[in-house]
S.K.: 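Structure incoming, see below.
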Amino acid sequence: MRFGKTLRESMNGPWKDKYIDYNKLKTLLREDKFDDDNETWTEDDENRFCEEIFNVQLEKVAKFQEEQVGLLKDRADDAFAKLKKLAPPAAADGSAPPAVDDATKDSFKELETELDSIMGQIKELKKYSSINYTGFLKIVKKHDRKRGDRYKVRPMMQHSLAQRPFNSEAGYSALLNKLSIMYYAIRQQLEDDPTLPIDLQTQGETLNGERYTAHKFWVHPDNLLEVRTLILRHLPSLVYSQQTSKEFDGTESPTVTSLYFDNKTFELYNKKVDSSKGAESLRLRWYGQLSTKPDIFVEQKVADGSGESHEFKFTIKDKYISPFLAGEYSMEKTIAKMERQGQSAEAVAEYKKTVDNIQSFQQKQKLAPVMRANYMRTAFQKPADDRIRISIDTDLAFIREDTLDTERPCRNPKDWHRTDIDESNMTYPFRNMNQSEVSKFPYAVLEVKLREDSNRKRPVWVEDLLASHLIHAVPRFSKFVHGAASLFEDHVNALPFWLSDLETDIRKDPHIAFEAEEQRRAQRADDAMAVGSLIGTLPSSYKAAKSSSVGKSYLADRMAADTREQAKSLTHRGSLAGAAHPEEEGEGSSANQNGQSNGGYSTLSSVLPALSLSKYAKAKRAQRFELPEGVVEPTEWIKNAGELKVEPKVWLANERTFLKWQHICVLQGALALALYTAAGENTTAAVFGIVYTGIAIFAGVWGYAMLRVRRSMIIERSGKDFDNMVGPIIISVALIVALIANFIIQYRKAFDKMRHHHPDAGVPDYSDIHEELR
């Protein structure tokens, strides 16, 4: 389906004039004409197109979306105010609140209807944002493909979209979280439903009968080592074997290949992007190279109405995949083997049901392999303990496996996979194939799965990791969706919201990220406390997150090494103030920031949040963590553990700088000694000789001190700058002051001597002055 038709069918009637004018932009682009039709694309044509798409269409869509979000927030605030009025009076003796009468129940139902209306508007607004976002990327791609020889605007458009929140999950998260809490309060009054509020930033999964909450992030390569190190302090690395993917061994992590299925209309992809109820996906997954005959997993994921996904899977050998996809084989041999082994009839029936459902789904939807995702997975999990499961996928690449182009298919239609890759054991970065069929992902993908347990809280280090500046949150990220969007952009009419994030730097300032996370937690705690008072339950207490090793960068730690002594004195002074005024402890970290601004705290906290002087940071520093069994506290930095390899030119450059300083010292000292020797009884000349001698001594001492300091920095592999302007400035200023003072003193002496020889002269004899000066 062409995008223009998709746009017309997706329009919301009352908002018809607020959508991107796709046809107008195509007209300005003159899509049906070429330069050889005697109509050359000029700079004026380019200016008109860019003016229309950036300053008219993009501004129109962004402004309308912002206005609608503001209206929805106002409606949510009004609903919250009504909910507060319906709150039952709190019992003085702490007993349960009184039962809700019928009139109040009707009011709660009306309020629930209002929330349903707000949720419906949010869904429509997200559809509006998504279709317009896709339209902008589609039209600039047409522009660059047709007029890209001289002008390319796609990078500029992606950057502009990244700066606007109208197609980002973050733009709706605060509003959706508030609505979920209000839904929770209303259900407590109407149904006495104990279900906790939904966290719309996460995605639920059900595996082996257990419910997990999945958190997905991107990790910049610069932060990958720190993230790995942090996780390894708490969880061991889990390596899968290539055969069963469940046995532990000591080999290097193998590559993982996921082969995704879809039909020619990309029906599964579209449902996945729209987060539709019943969105499904089908893939084959194996570990290592296919030539080693590994077990292949056939996996189907189904998302229900609440957003949770359920996974069904079974293993199959590669020789049976083609007949299975053709509907000629339904795992009869495996079923017969299970019966011979004496497995229960229920287990056999359940296995057969899973196989039949997946096969019928594949046959009904006419699914075929369209792309593969290849990556290196490192898993972290305690043996026999699956409460916390973490994985990091690196070297992620997406490869086309489709046969959409019948004349030049990427895969032999008679095979279920690309033999040119698997038979040659081709690995990342896949240089020996057509690069237009490969899309490499620039970041690592971090996924944290936490098993839900109402009786246990999440470990502190997990909370710190999820709020860290080292990672970039991407809720509902999907390899299948991203690969299809990047490889088949011409075949799909909806794009995921996170594509614009690829054009921005996902690295964050530690201090800013820490403060933003504190504000988010405080806001959610305030909402929960307010609703808790409505339903007569105890509000959840909120504690500001303590600074931890995640809240700082090791580079920033080295940058603050020169100010540690000052930090110690400030901490001591802050502790004395806390003892004198214990009632001010509840003020929080912001009060401490204001109070310590003159002592250098603001400088420290800007580069190293862990040196914060707030009460939380003090408690964190005072706390002594117990290391896991078998883990030894490190005695040196990881960067200093290896062999020191420094190029000779680095040492020689340091020595040349030292010799330059010594040259200045010797030259200045020789001049000073000559001046002092020739001074005789002239006191002024002797004094200046001594001053110049002091300057020469300072130059020699400074040169030697910097030689030692820079040598230490080289050995420590310090990230600090090697230049230091203090010494040169001091010597320059001292020499200038000494020369000016010498000139003034000598001039005054000569002038006084002239007046002494000619006391009655009204006008000085300048020739005599000249002689005196000489």
S.K.: Can you find a heavy atom in the side chain of Ile392 that is under 4.5 Å from one in the side chain of Phe380?
M.R.: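 Sidechains of Phe380 and Ile392: in contact.
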S.K.: Rounded to the nearest 0.5 Å, what separates atom NE2 in His472 from atom NE2 in His220?
M.R.: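 It is 11.5 Å, given to the nearest 0.5 Å.
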S.K.: Less than 4.5 Å apart, side chain to side chain, heavy atoms only: is that true for Leu470 and Val219?
M.R.: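 No, every pair of side-chain atoms sits at 4.5 Å or beyond.
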S.K.: Flag the pair Leu502 / Tyr443 as yes when at least one side-chain heavy-atom distance between them is below 4.5 Å, and no otherwise.
M.R.: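 Yes, close enough: below the 4.5 Å cut-off.
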S.K.: Of all the heavy-atom pairs spanning Gly727 and Trp661, show the shortest one and how long it is.
M.R.: C-CH2, 4.0 Å
S.K.: Looking at Pro429 and Lys440, what are the two nearest heavy atoms and their distance?
M.R.: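 For Pro429 and Lys440, the tightest heavy-atom pair comes out as O-CE, 3.1 Å.
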S.K.: Could you state the interatomic distance from CG (Leu230) to CD1 (Ile471), rounded to the nearest 0.5 Å?
M.R.: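 It is 9.0 Å, given to the nearest 0.5 Å.
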S.K.: Once you round to the nearest 0.5 Å, how far does CG of Leu161 lie from CE of Met156?
M.R.: 12.0 Å
S.K.: Quick one, Arg656 with Leu652, criterion side chain to side chain contact (heavy atoms under 4.5 Å, CB included). Give me CA distance, side-chain angles, the key distance, then yes/no.
M.R.: CA-CA 6 Å; Arg656 282 198 302 270; Leu652 296 177; 3.9 Å; yes
S.K.: If we check ring pair (Phe, Tyr, Trp, His ring centres under 6.0 Å) with Phe441, which of these qualifies: Phe477, Tyr428, Tyr375?
M.R.: Phe477
S.K.: Sub-3.5 Å donor-acceptor pair from the side chain of Ser468 to the main-chain atoms of Asp464, do we have one?
M.R.: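 Answer holds: no.
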S.K.: What heavy-atom pair brings Lys508 and His469 nearest, and what distance separates the two atoms?
M.R.: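 Closest heavy-atom pair between Lys508 and His469: O-CD2, 3.7 Å.
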S.K.: Could you check whether any side-chain heavy atom of Leu235 comes within less than 4.5 Å of a side-chain heavy atom of Ile388, counting everything from C-beta outward?
M.R.: yes
S.K.: Quick one: are Lys152 and Val140 in side-chain contact, heavy atoms under 4.5 Å?
M.R.: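 No - every pair of side-chain heavy atoms lies 4.5 Å or more apart.
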S.K.: What are the two closest non-hydrogen atoms of Ile506 and Asp501, and how far apart are they?
M.R.: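 Taking every non-hydrogen atom into account, CG2-O, 4.1 Å.
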S.K.: Just wondering, do Val445 and Leu396 contact through their side chains at under 4.5 Å, heavy atoms?
M.R.: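 A side-chain contact exists here, since the closest heavy-atom pair is under 4.5 Å.
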S.K.: Name the orientation class of the two ring planes belonging to Tyr704 and Phe658 (parallel below 30°, tilted from 30 to 60°, perpendicular beyond 60°).
M.R.: perpendicular
S.K.: A side-chain contact here means heavy atoms from C-beta on lying under 4.5 Å apart; do Thr394 and Arg228 qualify?
M.R.: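 When only atoms from C-beta onward are counted, Arg228 and Thr394 do touch, with a gap below 4.5 Å.
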S.K.: Hey, which of Leu466, Val460, Leu465 is the one that makes side-chain contact (heavy atoms from CB on, under 4.5 Å) with Val462?
M.R.: Leu466
S.K.: Inspect the surroundings of CZ in Phe54 and state if more than 12 heavy atoms from other residues, nucleotides or ligands are less than 6.0 Å away.
M.R.: yes
S.K.: How long is the span from the CZ atom in Arg377 to the OG1 atom in Thr255, to the nearest 0.5 Å?
M.R.: 12.0 Å
S.K.: Between Arg711 and Asn654, which heavy-atom pair has the shortest distance, and what is it?
M.R.: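 In terms of heavy atoms, the two residues are closest at N-ND2, 3.8 Å.
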S.K.: Could you give me the CA-CA distance, side-chain angles and deciding distance for Ser391 and Thr378, then say whether side chain to side chain contact (heavy atoms under 4.5 Å, CB included) is met?
M.R.: CA-CA 6 Å; Ser391 64; Thr378 305; over 6 Å; no
S.K.: Does this structure show an ion pair linking Asp144 with Arg154, if we count only N-O contacts that are shorter than 4.0 Å?
M.R.: no
S.K.: Test Ile714 against Trp651 for side chain to side chain contact (heavy atoms under 4.5 Å, CB included), laying out the working first.
M.R.: CA-CA 8 Å; Ile714 294 171; Trp651 301 107; 3.9 Å; yes
S.K.: Using atom types as modelled and distance alone, determine if a side-chain donor or acceptor of Gln435 lies under 3.5 Å from a backbone N or O of Phe430.
M.R.: yes
S.K.: Quick check: do Ile730 and Phe698 have side-chain heavy atoms less than 4.5 Å from each other?
M.R.: yes
S.K.: In Å and rounded to the nearest 0.5 Å, what is the CD to CG distance from Glu463 to Leu450?
M.R.: 8.5 Å
S.K.: Start with the C-alpha gap between Ile695 and Tyr692, add the side-chain angles, then the distance that decides, and say whether side chain to side chain contact (heavy atoms under 4.5 Å, CB included) holds.
M.R.: CA-CA 5 Å; Ile695 296 175; Tyr692 292 143; 4.2 Å; yes
S.K.: Other residues, nucleotides and ligands only: do more than 12 of their heavy atoms fall within 6.0 Å of NZ on Lys749?
M.R.: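 Result for NZ/Lys749: enclosed.
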S.K.: To the nearest 0.5 angstrom, please state how far the CG atom of Leu224 sits from the OG1 atom of Thr229.
M.R.: 9.0 Å
S.K.: Considering non-hydrogen atoms only, spot the tightest contact between Pro221 and Pro442 and give its length.
M.R.: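 Here Pro221 and Pro442 meet closest at CG-O, 3.8 Å.
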S.K.: For Gln381 and Lys449, which I'm curious about, is there any donor-acceptor pair between the side chains at under 3.5 Å?
M.R.: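 No, Lys449 and Gln381 have no side-chain donor paired with an acceptor closer than 3.5 Å.
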